[in-house]
Student: 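For reference, the structure I am asking about is given below.
The residues of the chain are indexed from 1 along the displayed sequence. Owing to the predicted nature of the structure, the values given are computational and were not obtained by experimental measurement. For the numbers below, each heavy atom of this structure counts, side chains included, while hydrogens, waters and symmetry mates do not.
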Amino acid sequence: MNIVFHFLFGLLMAELVFGNALAYLPYILVFSLLVDLDHIPYVLRFRRGLMEKKFGSESRSRFHELYGMTVLSIAISAASFFINPKLAGIIALSVILHYAVDFVAGNTRPFYPLSGTEVNVGLYPKKFRIVTEAILTAVLVIILWLAM
Ligand SMILES: [Zn+2]
């Protein structure tokens, strides 16, 4: 899913779960997009052929799959002893939503690097991916505009 959707979805869910999400905007922005930093080496490696290759499961490192979710969950749980519990909850929600959206919306390799088996939930045909993402992102913008 695109980074705008990840951020806006994290913002909306933080508002619904915790309230006053705008006060935590920088944290939601950073932690809803943190996982996608592993796309940078992929983009640098395939910049000429990126339009053909796109961002499939091979563009993700182990930190973009269950392995990374486990590592980040442990780190956030440990950090929750030292930071505001609401902030820890917002950070955890932002990170977990990223993994959940990526799992539902695209091709993933959940057990990578142990297994390269690709999983696709199949909510919509792959050929409509860009249109579907654009529509969902626009709907999120409208919901946030009305809700905040
Ligand atoms: Zn992602």
Student: In sequence, state the C-alpha distance, the side-chain angles, and the governing distance for Glu15 and Leu22, and then conclude on side chain to side chain contact (heavy atoms under 4.5 Å, CB included).
Tutor: CA-CA 8 Å; Glu15 178 67 23; Leu22 289 177; 5.6 Å; no
Student: Group every Ile, Leu, Val, Met, Phe, Trp and Tyr by side-chain heavy-atom contacts under 4.5 Å, then state whether Leu29 and Val95 land in the same group.
Tutor: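 Same cluster: Leu29 reaches Val95 through Ile, Leu, Val, Met, Phe, Trp or Tyr contacts under 4.5 Å.
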Student: Verify the neighbour count for atom CG of Leu16: are there more than 12 heavy atoms of other residues, nucleotides or ligands below 6.0 Å?
Tutor: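 Correct, the count exceeds 12.
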Student: Heavy-atom distance under 4.5 Å between the side chains of Phe9 and Val101, does that happen here?
Tutor: yes
Student: Answer yes or no: does atom CG of Leu25 have more than 12 heavy-atom neighbours from other residues, nucleotides or ligands under 6.0 Å?
Tutor: yes
Student: Would you say His6's side chain and Leu33's backbone share a donor-acceptor pair under 3.5 angstrom?
Tutor: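 Between the backbone of Leu33 and the side chain of His6 there is no qualifying donor-acceptor contact (under 3.5 Å).
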Student: What distance separates Leu11 CG from Ile143 CD1, expressed to the nearest 0.5 Å?
Tutor: 12.0 Å
Student: At their closest point, which heavy atom of Val35 faces which heavy atom of Phe63, and how far apart are they?
Tutor: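 In terms of heavy atoms, the two residues are closest at CG1-O, 3.9 Å.
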Student: Roughly how far apart are Ser94 OG and Phe31 CZ, rounded to 0.5 Å?
Tutor: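 One finds 8.5 Å between OG of Ser94 and CZ of Phe31.
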Student: Is there a chain of hydrophobic side chains (I, L, V, M, F, W, Y, each step under 4.5 Å between heavy atoms) that links Val139 to Met148?
Tutor: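 Both belong to a single hydrophobic cluster.
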Student: Identify the two heavy atoms, one from Ser32 and one from His98, that lie closest to each other, and give their separation to 0.1 Å.
Tutor: O-ND1, 2.7 Å
Student: Going hydrophobic residue to hydrophobic residue with side-chain gaps under 4.5 angstrom, can you get from Leu144 over to Val17?
Tutor: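 Yes, it is one cluster - the side chains of Leu144 and Val17 are joined through contacts under 4.5 Å.
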Student: To check you understand the geometry: which heavy-atom pair defines the closest contact between Tyr99 and Met69, and what is its length?
Tutor: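 Minimum heavy-atom separation between Tyr99 and Met69: OH-N, 3.3 Å.
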Student: Using 30° and 60° as the class boundaries, would you call the ring planes of Tyr27 and Tyr24 parallel, tilted or perpendicular?
Tutor: tilted
Student: Output the distance between atom OH (Tyr112) and atom CD (Glu65), rounded to the nearest 0.5 Å.
Tutor: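 Answer for the OH-CD pair, Tyr112 versus Glu65, is 9.0 Å.
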Student: Side-chain contact test, heavy atoms from C-beta onward, threshold under 4.5 Å: evaluate it for Phe7 versus Ile3 and give yes or no.
Tutor: no
Student: Please list all pairs meeting ring-ring contact (aromatic ring centres under 6.0 Å, His included) that have one or both residues in residues 118-148, counting only residues at least two apart or in different chains.
Tutor: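 Sorted pair list comes back empty.
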Student: Check whether any side-chain heavy atom of Ser73 lies under 4.5 Å from a side-chain heavy atom of Ile96, and answer yes or no.
Tutor: yes
Student: Where do Ala14 and Ile28 come nearest, in terms of heavy atoms and distance?
Tutor: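 Looks like CB-CD1, 3.7 Å.
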Student: I want to check something: taking the side chain as every heavy atom from C-beta on, are Thr108 and Arg60 in contact at a cut-off of under 4.5 Å?
Tutor: yes
Student: Pairs in or reaching into residues 122-148: which pass salt bridge (Lys or Arg N to Asp or Glu O under 4.0 Å), with residues at least two apart or in two chains?
Tutor: Arg129-Glu133
Student: About how many Å separate CE of Met13 and CZ of Phe18, when rounded to the nearest 0.5 Å?
Tutor: 12.0 Å
Student: Please round to the nearest 0.5 Å and tell me the distance separating atom CZ of Phe103 and atom CG of Asn120.
Tutor: 9.0 Å
Student: Can you get from Val131 to Phe5 by hopping between Ile, Leu, Val, Met, Phe, Trp and Tyr side chains that sit under 4.5 Å apart?
Tutor: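 The answer is yes; both residues are in one hydrophobic cluster.
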Student: Could you tell me whether the side chain of Leu72 reaches within less than 4.5 Å of the side chain of Leu34, counting heavy atoms only?
Tutor: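 Leu34 reaches Leu72 side chain to side chain.
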Student: Examine the side chains of Asn107 and Ser57 and answer whether a donor and an acceptor come within less than 3.5 Å of each other.
Tutor: no
Student: Under 30°, 30 to 60°, or over 60°: which ring-plane class applies to His64 and His39, parallel, tilted or perpendicular?
Tutor: tilted
Student: Hydrophobic cluster membership, with links at side-chain heavy-atom distances under 4.5 Å among I/L/V/M/F/W/Y: are Tyr67 and Val119 in one?
Tutor: no
Student: Pick from Asp36, Thr132, Leu136: which one makes a side-chain contact (heavy atoms from CB on, under 4.5 Å) with Met1?
Tutor: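 Result for side-chain contact (heavy atoms from CB on, under 4.5 Å) with Met1: Leu136.
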Student: With sequence neighbours left out, which residue pairs that include part of residues 82-111 fulfil the salt bridge (Lys or Arg N to Asp or Glu O under 4.0 Å) condition?
Tutor: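 Salt bridge (Lys or Arg N to Asp or Glu O under 4.0 Å) check on residues 82-111 returns no pairs.
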Student: Distance check, rounded to the nearest 0.5 Å: Ser61 atom OG versus Leu37 atom CG?
Tutor: 10.0 Å
Student: If you take all heavy atoms of Ile83 and Ile91, which pair is closest and at what distance?
Tutor: CD1-CD1, 4.2 Å
